[in-house]
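Here's the structure, in structure tokens; my notes come after.
Naming: A, B, ... by sequence-line order, numbering from 1 per chain.
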Amino acid sequence: MNQFLAQPQGETFELFYAKLMQWFDDNGRHNLPWKPQTQYTEAQNIYHIWLSEIMLQQTQVVTVIPYFFNFIEKFPTATDLANAEQEEVLKAWEGLGYYARARNLHAGAKIIRDKFNGEIPLNYQDIQSIKGVGRTTAAAIISQGFNRPFAILDGNVKRVMARITGAMHPEKQLEKVLLPFAYLMSAQNRPDDYTQAIMDFGATICSKNPKCNQCFWQSHCITYHYQKMDQIPAKKVKLIKKDIELYPVIIQNQNGELIFHQRTQETIWHNLYEFPHLDSHLNELEALFNTDNAKLLSTQELPSFKHVLTHINYEIYPIIIQVESYKDALQFNDQIYPWVNAETYTTYAKTKPTNDLLNIIHIQS
DNA sequence: AAGTCGGGGAG
DNA sequence: CTCCCAGACTT
């Protein structure tokens, strides 16, 4: 079948818009915690919208909510966030994923503090000069924060618009094709509510497995007419995942202290803490220790487990090692690591597998 | 245009 | 298991 696409006829879109807003008034999510509230200043309310939009990138609402509350308690204003240490920000972000967002958020807060006097700027160009804010996030901030029409075209909106227009274009072309529709819709009345409405509709009714029997547009929908709900929008190309084996070593001394390694390379989990890794589980552990610093007492292999990322499947083979330490640091894999007690490593922002392992050994002990 | 960034919810 | 989420950034 050709990639057909219904042209945006004004009358049809006005009807869809009217029905969408009616649906939103009756069924939409009206009480999200980052909606502007009177107990906060206007600058804080805009800050909340910006913060939530960064957190919501590729992340669902229910996942974001507890992180959002924690952030605005720890960092009540953009300037507070800018003045915080990166370690604090990473710790607050721990477990939310896509840690570049946390670094960009922190850098963006400094831009807001230094260039915009601590307040999120009002115009589209200035907003996008803030690190981590692209076209979609900029549109969301402006439409919700300032009630001005800007084209929202995120994953939800793409799905809705592809369905109602019957657009079968692959992912890369779809956004370009739908952009005129996005502008047309956003230019109607109630731009702030529209942004929330179209995304709520995509998230709850026109979802991956759509609830067409609850949809106000069923009789008009091209995709429903041809029963192509499972083909529109077109599936993303399946990417090939790498399989990587990891061999983390949990090194514990007689005081219950542990050894941690902070990641530095500009790849995943940037600046987060983890247990040091062996090249393989075949390494002779005894040879890795400087006997002046510690004596190896015992080793134990823990059950392996998987950790899945967007493009990597990790299979993790952990080993726990008990040593008797003589000094406050340990030489291991040609590096010197300090012994870290629980009070300290609790404050570290750690990778998800590292926290999983900590939970395992704490349950054991 | 394609690749690189986490983690979790839902089916 | 699979799919995908209020995507941005780099190359």
Side-chain angles (χ1 to χ4, degrees), chain A residues 28-29 32-35 48-68 90 93-105 107-108 127-145 150-160 169-176 182 192 194-204 206-211 229-231 233-242 263 265-272 274 306-314 349-356:
Chain A
R29 292 178 288 195
L32 294 175
W34 39 86
K35 293 293 282 185
H48 291 176
I49 293 170
W50 166 60
L51 173 62
S52 70
E53 290 300 334
I54 301 300
M55 290 182 164
L56 287 162
Q57 290 168 9
Q58 298 298 100
T59 308
Q60 295 184 346
V61 169
V62 290
T63 306
V64 162
I65 285 175
Y67 284 90
F68 174 80
L90 281 177
W93 199 270
E94 181 184 39
L96 197 53
Y98 283 120
Y99 298 92
R101 293 185 297 171
R103 300 199 306 277
N104 289 337
L105 182 76
I127 281 193
Q128 287 195 82
S129 75
I130 299 172
K131 266 198 162 301
V133 178
R135 184 185 55 74
T136 297
T137 302
I141 295 170
I142 290 175
S143 63
Q144 297 183 81
F150 270 92
I152 182 71
L153 189 57
D154 72 321
N156 282 316
V157 182
K158 283 181 203 169
R159 185 173 54 254
V160 173
H169 302 69
E171 168 68 20
K172 290 299 175 186
Q173 297 174 38
L174 185 63
E175 182 170 320
K176 187 159 53 174
D192 56 340
Y194 163 70
T195 299
Q196 192 63 51
I198 188 74
M199 291 192 291
D200 282 3
F201 178 66
T204 59
C206 200
S207 46
K208 187 181 66 173
N209 297 316
K211 301 172 176 65
M229 285 83 75
D230 60 336
Q231 296 174 40
K235 293 186 194 309
K236 290 175 184 171
V237 285
K238 194 176 173 186
L239 54 83
I240 300 166
K241 288 195 179 190
K242 275 194 263 185
R263 298 177 65 92
Q265 68 259 41
E266 297 283 344
T267 58
I268 61 171
W269 293 318
H270 180 75
N271 280 359
L272 270 61
E274 63 184 4
K306 298 180 193 300
H307 184 76
V308 179
L309 303 185
T310 305
H311 57 300
I312 299 174
N313 287 323
Y314 284 112
K350 299 174 285 293
T351 72
K352 177 64 164 58
T354 302
N355 275 319
D356 289 343

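The side chain of Ile268(A) lies closest to dC5(B) when the candidates are dG7(B), dC5(B), dA8(C). Out of dG7(B), dC9(C), dA6(C), the shortest distance to the side chain of Asn104(A) is found at dC9(C). Listed nucleotides: dG9(B), dG7(B), dA8(C). Nearest to the side chain of Thr63(A): dG9(B). Closest contact between the side chain of Tyr98(A) and the listed nucleotides dG8(B), dG6(B), dA8(C) involves dG6(B). Of the candidate nucleotides dA6(C), dC5(C), dC5(B), dA6(C) has the atom nearest to the side chain of Ala203(A).
Atom CG of Leu32(A) sits about 8.5 Å away from atom CG of Leu56(A), to the nearest 0.5 Å.
Residue Arg103(A) places none of its side-chain N or O atoms closer than 4.0 Å to OP1 or OP2 of dC9(C). A close approach under 4.0 Å does occur between a side-chain nitrogen or oxygen of Trp269(A) and OP1 or OP2 of dG7(B). Here His311(A) reaches the OP1 or OP2 of dC5(B): one of its side-chain N or O atoms lies under 4.0 Å away. A close approach under 4.0 Å does not occur between any side-chain nitrogen or oxygen of His307(A) and OP1 or OP2 of dG6(B). Residue Asn209(A) places none of its side-chain N or O atoms closer than 4.0 Å to OP1 or OP2 of dG11(B). Between Lys236(A) and dC5(C) there is a side-chain N or O to OP1 or OP2 distance below 4.0 Å.
Separating the NZ atom of Lys176(A) from the P atom of dA2(B) is a distance of 12 Å, rounded to the nearest angstrom. For the pair Leu174(A) CG and dA2(B) C1', the computed distance is 17 Å after rounding to whole Å. When the P atom of dA6(C) is taken as reference, atom CZ of Arg135(A) falls 15 Å away, rounded to whole Å. In this structure, CD1 of Ile65(A) is placed 16 Å from P of dG8(B), rounded to the nearest angstrom. Distance CG (Leu105(A)) to C1' (dG7(C)): 15 Å, rounded to an integer number of Å. When rounded to the nearest whole Å, the span between CG of Asp192(A) and C1' of dA6(C) equals 15 Å. Remark: P of dG6(B) and OH of Tyr314(A) are 9 Å apart, rounded to the nearest angstrom. Straight-line distance from the CG atom of Asn313(A) to the P atom of dT4(B): 14 Å, rounded to whole Å.
With DNA chain C read from its 5' end, the first of the two nearest nucleotides for Ala140(A) and Val308(A) is the one closest to Val308(A). Mapping Thr310(A) and Lys208(A) onto DNA chain B by nearest heavy atom places Thr310(A) closer to the 5' end of the strand. Annotation: of the two residues near DNA chain C, Lys306(A) and Thr136(A), the 5′-most nearest-nucleotide partner is Lys306(A).
Under the 4.0 Å criterion applied to side-chain N and carboxylate O atoms, Glu53(A) and Arg101(A) are not assigned as salt-bridge partners. By the 4.0 Å N-to-carboxylate-O rule, Glu171(A) lies close enough to Lys158(A) to be salt-bridged with it.
If you check every strand for non-hydrogen atoms under 4.0 Å, Thr195(A) touches nothing. Residue contacts for Gly202(A): at a heavy-atom cut-off of 4.0 Å it reaches no nucleic acid atom on any strand shown. Nucleic acid contact class of Lys235(A) (heavy atoms, under 4.0 Å, all strands): none. Residue Leu96(A) is in base contact, counting any heavy-atom pair closer than 4.0 Å across all strands shown. Trp93(A) comes within 4.0 angstrom of nothing in the nucleic acid, heavy atoms only. Backbone-only contact: Lys352(A) has heavy atoms under 4.0 Å from sugar-phosphate atoms and none from a base.
Taking the C1' atoms as reference points, dG6(B) lies 12 Å from dC5(C), given to the whole Å. dG11(B) and dA6(C) are spaced 14 Å apart, taking the P atom of each and rounding to whole Å.
Residues Asp154(A) and Gln57(A) are not in side-chain contact: their nearest non-hydrogen atoms beyond the backbone lie 4.5 Å or more apart. Looking only at side-chain heavy atoms (C-beta outward), Thr136(A) and Leu153(A) stay at 4.5 Å or farther from each other. At least one side-chain heavy atom of Phe68(A) sits less than 4.5 Å from a side-chain heavy atom of Leu51(A).
What you find for Val64(A) and Thr59(A) is that their closest heavy atoms are CG2-CG2, 3.8 Å.
Note: His307(A) and Trp269(A) have tilted aromatic rings, judged against thresholds of 30 and 60 degrees for the angle between ring planes.
Side chain to side chain, Arg159(A) and Asn156(A) meet the donor-acceptor criterion of an N or O pair below 3.5 Å.
Remark: side-chain polar atoms of Glu274(A) are not paired, donor with acceptor, to backbone N or O of Thr354(A) under 3.5 angstrom. A donor-acceptor pair under 3.5 Å links the side-chain atoms of Arg263(A) to the main chain of Ile268(A), judged by distance alone.
Between Trp93(A) and Tyr67(A), the ring center distance fails the sub-6.0 Å criterion.
Taking a 4.0 Å limit (strictly below) on heavy-atom distances, residues 52-62 of chain A reaches DNA chain B at Gln58(A), Thr59(A), Gln60(A).
Helical stems in DNA chain B, defined as runs of 3 or more consecutive Watson-Crick or G-U wobble pairs with both donor-acceptor distances under 3.5 Å, are listed by first residue as B:1-5 with C:7-11, B:7-11 with C:1-5.
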